[in-house]
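Excluded from the calculations below are hydrogen atoms, water molecules and symmetry mates; all remaining heavy atoms, backbone and side chain alike, are included.
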Amino acid sequence: MSDVTKGKLLSLAEQSLKDAGWVVERVPRGEKGSRYSSVRKIKKDGLEYLASIRTTKDCWFAFHTINNGKNWKTLDDVDYVIASSCKNDGDISIVKVHMMPASEVRTEFDKNYSAKIKSGHTVSNDTPIWLSLYDNNDTNSPLYAGAGLGQKHKPLTITTIGTEKNTMEHFEEENVEYEGISIQDAKRRLSIELNVPESSIKISIEY
């Protein structure tokens with residue numbers, strides 16, 4: 001299994017934004033959002049926003065609810081949420097980076113909080129609420145209400161991480177011969193499989 005660290009997921013998220021034309025900076029001390037290590041200032045076309053980068057190795061991500069569900073820590077202070085998620089496929093790790101408006105993310109977290117309260121759950125102050133990026137939304141479920149943001153927002157980039165041998169083995173499972181496979185062939189096949197543009201796919205070969 002490829003060992004993808006939180007730092008690697010954070011770095012891939014920042015690089016994905018840069019590749020999409022954003023300038024990514026740490027928030028200067030004293031400015032709004034500077035107390036959160038995951039928050040970055042992003043700039044493009046003369047506009048400036050705050051973005052919270054959430055990293056996940058299980059395709060679920062969280063924000064903390066406060067004030068009896070009226071507010072969300074960090075989420076209330078940003079304009080965008082960048083989710084950098086990792087899914088292991090044998091010895092290969094597939095990292096997807098999604099960019100989502102914070103207002104939409106908050107709506108989905110509100111749905112999940114409401115579903116938990118309606119189901120009789122006790123939600124303490126400053127409690128993390130978790131949403132699945134890729135499961136289907138079920139408004140009646142305290143677990144899956146608000147899920148599926150990763151389905152709604154196609155990834156900025158998809159990065160496949162693993163050894164050269166293991167990367168090729170991944171594509172052999174798709175009935176492609178090992179000999180003669182190029183990086184471009186691999187990207188094309190991933191593009192078809194995942195229904196995303198080839199330009200959004202990166203393959204990292206590590207020794």
Are side-chain heavy atoms of [X] and [Y] found at a separation under 4.5 Å?
{"X": "C86", "Y": "L9", "result": "yes"}
{"X": "T157", "Y": "H98", "result": "no"}
{"X": "V123", "Y": "I117", "result": "yes"}
{"X": "L12", "Y": "L10", "result": "no"}

Excluding sequence neighbours, so at least two apart, what forms salt bridge (Lys or Arg N to Asp or Glu O under 4.0 Å) with [X]?
{"X": "E108", "answer": "K111, K152"}
{"X": "D58", "answer": "none"}
{"X": "R54", "answer": "none"}

Would [X] end up clustered with [Y] when hydrophobic side chains under 4.5 Å apart are linked, directly or stepwise?
{"X": "I53", "Y": "L50", "value": "no"}
{"X": "I82", "Y": "V27", "value": "no"}
{"X": "L47", "Y": "V24", "value": "yes"}
{"X": "M99", "Y": "V81", "value": "no"}
{"X": "L156", "Y": "V105", "value": "no"}

Taking atom [atom1] of [X] and atom [atom2] of [Y], what is their separation to the nearest 0.5 Å?
{"X": "T127", "Y": "Y113", "atom1": "OG1", "atom2": "OH", "answer": "9.0 Å"}
{"X": "K44", "Y": "Y49", "atom1": "NZ", "atom2": "OH", "answer": "10.0 Å"}
{"X": "S52", "Y": "F63", "atom1": "OG", "atom2": "CZ", "answer": "4.0 Å"}
{"X": "T56", "Y": "L131", "atom1": "OG1", "atom2": "CG", "answer": "11.0 Å"}
{"X": "S37", "Y": "R26", "atom1": "OG", "atom2": "CZ", "answer": "7.5 Å"}
{"X": "E25", "Y": "I42", "atom1": "CD", "atom2": "CD1", "answer": "11.0 Å"}

Within the distance-only criterion (no hydrogens, no angle test), does the side chain of [X] pair as donor or acceptor with the backbone N or O of [Y] below 3.5 angstrom?
{"X": "D135", "Y": "A147", "result": "no"}
{"X": "T107", "Y": "S103", "result": "yes"}
{"X": "N71", "Y": "N67", "result": "no"}
{"X": "S34", "Y": "G30", "result": "yes"}
{"X": "K116", "Y": "P142", "result": "yes"}

Yes or no on side chain to side chain donor-acceptor pair (under 3.5 Å) for Y134 and S85, after CA distance, side-chain angles and deciding distance?
-> CA-CA 10 Å; Y134 306 115; S85 71; 2.7 Å; yes
Which atom pair, heavy atoms only, marks the closest approach of [X] to [Y]?
{"X": "L75", "Y": "R106", "value": "CD2-CA, 3.6 Å"}
{"X": "N112", "Y": "A145", "value": "ND2-O, 2.9 Å"}
{"X": "V39", "Y": "G33", "value": "CB-O, 3.6 Å"}

Hits for side chain to side chain donor-acceptor pair (under 3.5 Å) against K73, two or more places apart or cross-chain, chain-then-number order -> D126
For I66, what are the other residues in its hydrophobic cluster, where any two members join if their side-chain heavy atoms are less than 4.5 angstrom apart?
-> none
Please collect all side chain to side chain donor-acceptor pair (under 3.5 Å) contacts where either partner lies in residues 137-151, sequence neighbours excluded, each pair once.
-> N136-Q151
Inspect the surroundings of NZ in K57 and state if more than 12 heavy atoms from other residues, nucleotides or ligands are less than 6.0 Å away.
-> yes
Compute the centroid of each ring, for W130 and then for F61, and state whether the two points are separated by less than 6.0 Å.
-> no
